[in-house]
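First up is the structure itself, then whatever we jot down about it.
What you are looking at is a predicted structure, and each value in this text was computed from that prediction instead of being measured. Naming: A, B, ... by sequence-line order, numbering from 1 per chain.
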Amino acid sequence: MLLYLCEQMIGHTDTLTQADKAIGDGDHGIGMARGFEAVRLKLEGGSFAALDELFKAAGMALITSVGGASGIIFGTWFRGGTKNLAGAATLDSPALSAWLVDGLAAVKERGKTKPGDKTMVDALEPAAAAAEQAAAAPLDEALAAATEAARLGMEATKDMVASMGRAKTLGERSLGHPDPGAVSTYLILRSLWEYTEKSGE
Amino acid sequence: MLLYLCEQMIGHTDTLTQADKAIGDGDHGIGMARGFEAVRLKLEGGSFAALDELFKAAGMALITSVGGASGIIFGTWFRGGTKNLAGAATLDSPALSAWLVDGLAAVKERGKTKPGDKTMVDALEPAAAAAEQAAAAPLDEALAAATEAARLGMEATKDMVASMGRAKTLGERSLGHPDPGAVSTYLILRSLWEYTEKSGE
Amino acid sequence: MVRKAKKIFNDPRNVVPEMLDGLVAAYNGRVKKLDGVNAMARVDIPAGKVALLIGGGSGHEPAYHGFVGDNMADGAALGNVFAAPTPDIILEATRAIHRGKGVLYLYGNYAGDILNFDMAAEEGIEVRTLLVRDDVACGPVENRRGIAGAMLAVKIAGGAAATLDTLDDVVRVTSRALENIRSISVALYAGSIPETGEFTFELADDEIEIGMGVHGEAGVWREKMVSTDTLVDRMMEFILRDMPLQRGEEVCVLINGAGSTTAMELLIANRRVLQVLAENGVTVHECVVGSLFTTQEMAGFSISLMRVDDELKRYYDMPIRSFGWTKW
Amino acid sequence: MVRKAKKIFNDPRNVVPEMLDGLVAAYNGRVKKLDGVNAMARVDIPAGKVALLIGGGSGHEPAYHGFVGDNMADGAALGNVFAAPTPDIILEATRAIHRGKGVLYLYGNYAGDILNFDMAAEEGIEVRTLLVRDDVACGPVENRRGIAGAMLAVKIAGGAAATLDTLDDVVRVTSRALENIRSISVALYAGSIPETGEFTFELADDEIEIGMGVHGEAGVWREKMVSTDTLVDRMMEFILRDMPLQRGEEVCVLINGAGSTTAMELLIANRRVLQVLAENGVTVHECVVGSLFTTQEMAGFSISLMRVDDELKRYYDMPIRSFGWTKW
Ligand SMILES: Nc1ncnc2c1ncn2[C@@H]1O[C@H](COP(=O)(O)OP(=O)(O)O)[C@@H](O)[C@H]1O
Ligand SMILES: Nc1ncnc2c1ncn2[C@@H]1O[C@H](COP(=O)(O)OP(=O)(O)O)[C@@H](O)[C@H]1O
Ligand SMILES: [Mg+2]
Ligand SMILES: [Mg+2]
Ligand SMILES: [Mg+2]
Ligand SMILES: [Mg+2]
């Protein structure tokens, strides 16, 4: 599943580059590509018994390879989200919920961000809430709900004025563009959902 | 007459720029414009009793304002051409002949150039010869002959491979383009002829 | 079709390590690359010295990594182009330069850099952090980005760290420098990112943007091309409004090229900056004109002023030797 | 329509005097402008010193006029952009720096410069002339242009003129440097001339020209873009074919940017140059990477090597302080 995610995110390089060019410095696409390439190498290089080890390794790979703001932020999501995953063997709905809820908390602490700051938090927060609500549903439904919530959250960042990261000095000029990190957040969840759909067929 | 020459040469800036861009460094146009602007200022600033003083002053203005190769070369023509002009009050055919013949000799000595090197000498030499032959004819005829000779000489530089100045490293690639200094030489004589024609009407 | 930059590289994904090899070589033996990470350190850091670490994204050469050396920084951590270095790189560099007296982290005020440096600072070595916030185009000081004035801050911090005994003292002197540095930039056209070949922003052929950041972050306003003097006057107004200078006060001046702006243009701007300062009765202690903090081949320049007094001048006047700036 | 350069100037016809004002200021009191001409001189030339005058067209900043200073040139004569200085300028500069021991004229091998410097040399002061002919792209040595290697020659000549007693000795040492300097350049795109705003040549978006001169004079060949390593290898072949180096011989290296080429690209090229030298068993005494001799905003770079022995190293190693190059 994570391998599929890596492939997908590497494939989205250009989308993310354009998103970051609009209101940032244009490196988010290659940063994420570099990061998920590192995750892929890490996954191929080792075997991971438990889900939390897998996500921790992925998070660490992101932190040490992406650079910029998003390496820490996305790495912290992956790593911080493992707090209550000990023992989980594969991703199921409760694990998804725990991963997103705890990941969100870790990101907010590390990034000192609140919702409305026009960051990936604005996509991750609704996604975490949706996954929490769907914790009893089958995984594909929970992922579908989280993905859709992330998409709406991402769309909503278009109407926000950035107050964090490189876009903050843009002020009003950041209006109309989604936050690149929010786009990534949506794409990450969508990839996981797609994978579940495909493998469930 | 020299004032008209100055005006005309300043007007040819772009022609000369393009000629120098083709096989040189592109500064011949602005160099000549700067030079003839300096000549104009010198002429307006003083009164010159004799022709040789006038040409000497013009030559010195070119030498100290144009820079590059052509400042010295064209200045030397104007200055060196006054060797046998002492006493001449205005430009007549014998004076024209003396100016071109002595100017040519001075340029060749200073520039260590021989005909065929693809320089202004290839226009000035035939012009001087034509003026010498026409020394007994009226000035407008002598100027017409010198101008036409300069034009043919300038045209002939298209078939020459440069061996002097910035174009020399071009080798074969300088074929097909006239030498910028030869173009200037032709334009200088043409302006003098035009002026004579106009004032003779 | 997007216009791509015309540049000479090997594999654009390897620009940072390849550049770092060439850079370390260009230090002619005075710095070494650290194993396995894109970081470097002086080879001769004295025992018991307060250490100074600088860093940030690559692509701004010679900043930051060109400013390691005698009486300058002890080490630098390099990120990828326009991306903060990762915590592991920063941590390696910190360990390599630490001599028991603590480490000052000095870098620009960017979210990514702060996140990464802060994470590295949690690993046990005594670290203090100072952020460069010299760009007056960004409103209140907390929001301000670190641009070319950072080089003046590194100069003072390097001198202080070479001379003073405690991290506290180095922090105090460097903070004083930071409080007295102001910059403003102008951009004519963008630089490009090697991996994509794309330019980071677009300006019309006759437009310039005043206050634009070193990655293309928005400035204060766009306008049609103006003359050097008009432009410098407006830029100086921004700086002097933010840091009014009294007659008789003294400043160091840095006219910094963004990458492809010619030394000729910078020198003509320098002429005007000095005229404006003279009109204001401000004395120039020293002016530096060069491309010290670039944004790849971006065109434009910035003006930085550092108000100095005897204490700051003492450190400013120290000889320095680094790739990007040497003085004696 | 011809594409025009986007640059910041006041009146493009005044770039040279305005630039000179800014440049003299950027020397922070160590040089002065000469009255009425575009020339400058050190303020502290010792009595009885052999004098060194350099110069040429402007637009190559910091060359040549950025290399006046301690153990460098005593003065510089500036022409207009890409145009040799006129004899009156050269003569004023000669008079200003002459201290009774004669003056060495050191400049690039261009018809215009020769004509003007020679005319100035006829005015009574004892002058000797040495031409820089380092560009191996131009066939036999008499035809060779002076490009970035000139800066290495100025370094040696400056050291020699500061140390040696007679003009003859300075000429001898400088000649030895000149015999051992070779350069080759590559261009990606042209620089422009301020007065017209036009670029001096055109290359297709994917073309480079190897051996192109610093005003756009033709090179050896054009080809499609290649990688840094391939390109450097070819350039080094040209140099090493012309000046074969034995294992164990020593060189100084200058990787010079043409104007808008990033330090990143230069450093990556430097890395490869040093690899090639190492493969050939050649020792690098020092390498310098920077944009010392530019062609306005031209993109490209040159590689210069100077083979050195103990005598040349003695002068090379001397500290220098100038606008364009400082070393200690
Ligand atoms: N403090 C923060 N908290 C949460 N997310 C952040 C924070 N700062 C930046 N981000 C996210 O990182 C994204 C930018 O990532 P990227 O372009 O890779 O880094 P950089 O801004 O350093 O170039 C932003 O779009 C935003 O979503
Ligand atoms: N040695 C020489 N003798 C005669 N004419 C020369 C010589 N060198 C150059 N020229 C002339 O000067 C012209 C170039 O002038 P210009 O472009 O102003 O100078 P530069 O070559 O210094 O840029 C050439 O076209 C040629 O006619
Ligand atoms: Mg970014
Ligand atoms: Mg020319
Ligand atoms: Mg970035
Ligand atoms: Mg010229």
Where on C:Pro319 is there a heavy atom nearer than 4.5 Å to chain D: the side chain, the backbone, both, or neither?
both
Check whether C:Tyr27 gets within reach of chain D through its side chain, its backbone, both or neither, counting any heavy atom under 4.5 Å.
neither
Counting only non-hydrogen atoms closer than 4.5 Å, does C:Leu274 touch chain D with its backbone (N, CA, C, O), its side chain (CB onward), both, or neither?
side chain
At a heavy-atom separation under 4.5 Å, does C:Leu231 approach chain D through its side chain, its backbone, both, or neither?
side chain
Aromatic ring pairing D:Trp325/D:Phe67, orientation class (parallel under 30°, perpendicular over 60°, tilted between):
perpendicular
Where on C:Asp205 is there a heavy atom nearer than 4.5 Å to chain D: the side chain, the backbone, both, or neither?
backbone
Under 3.5 Å: donor-acceptor pair, side chain of C:Arg222, backbone of C:Glu207
no
Applying a strict 4.5 Å limit to non-hydrogen atoms, the region of C:Thr294 in contact with chain D is neither
So, C:Glu265 and C:Thr228: side-chain donor and acceptor under 3.5 Å apart, yes or no?
no
With a 4.5 angstrom heavy-atom cut-off, which part of D:Val81 approaches chain C: side chain, backbone, both or neither?
side chain
With a 3.5 Å distance limit and no angle check, can you tell me whether C:Ser322 reaches the backbone of C:Val68 through a side-chain donor-acceptor pair?
no
Using non-hydrogen atoms only, which part of C:Met264 is less than 4.5 Å away from chain D: side chain, backbone, both, or neither?
both
In sequence, state the C-alpha distance, the side-chain angles, and the governing distance for C:Phe201 and C:His215, and then conclude on ring-ring contact (aromatic ring centres under 6.0 Å, His included).
CA-CA 9 Å; C:Phe201 58 88; C:His215 315 88; over 10 Å; no
Give a yes or no on whether the backbone of D:Gly197 and the side-chain of D:Ser192 come within a donor-acceptor separation of less than 3.5 Å.
no
Given heavy-atom pairs under 4.5 angstrom as the criterion, report whether the side chain, backbone, both or neither of D:Thr262 touches chain C.
side chain
Using non-hydrogen atoms only, which part of C:Ser260 is less than 4.5 Å away from chain D: side chain, backbone, both, or neither?
both
Bottom line for C:Asp70: the part with an atom under 4.5 Å from chain D's heavy atoms is side chain
Heavy-atom proximity to chain D below 4.5 Å, by part of C:Ala204:
backbone
Chain D contact via C:Ala299 - side chain, backbone, both or neither, heavy atoms under 4.5 Å:
neither
In sequence, state the C-alpha distance, the side-chain angles, and the governing distance for D:His285 and D:Asp317, and then conclude on side-chain hydrogen bond (donor to acceptor under 3.5 Å, both in side chains).
CA-CA 10 Å; D:His285 180 60; D:Asp317 290 345; 2.6 Å; yes
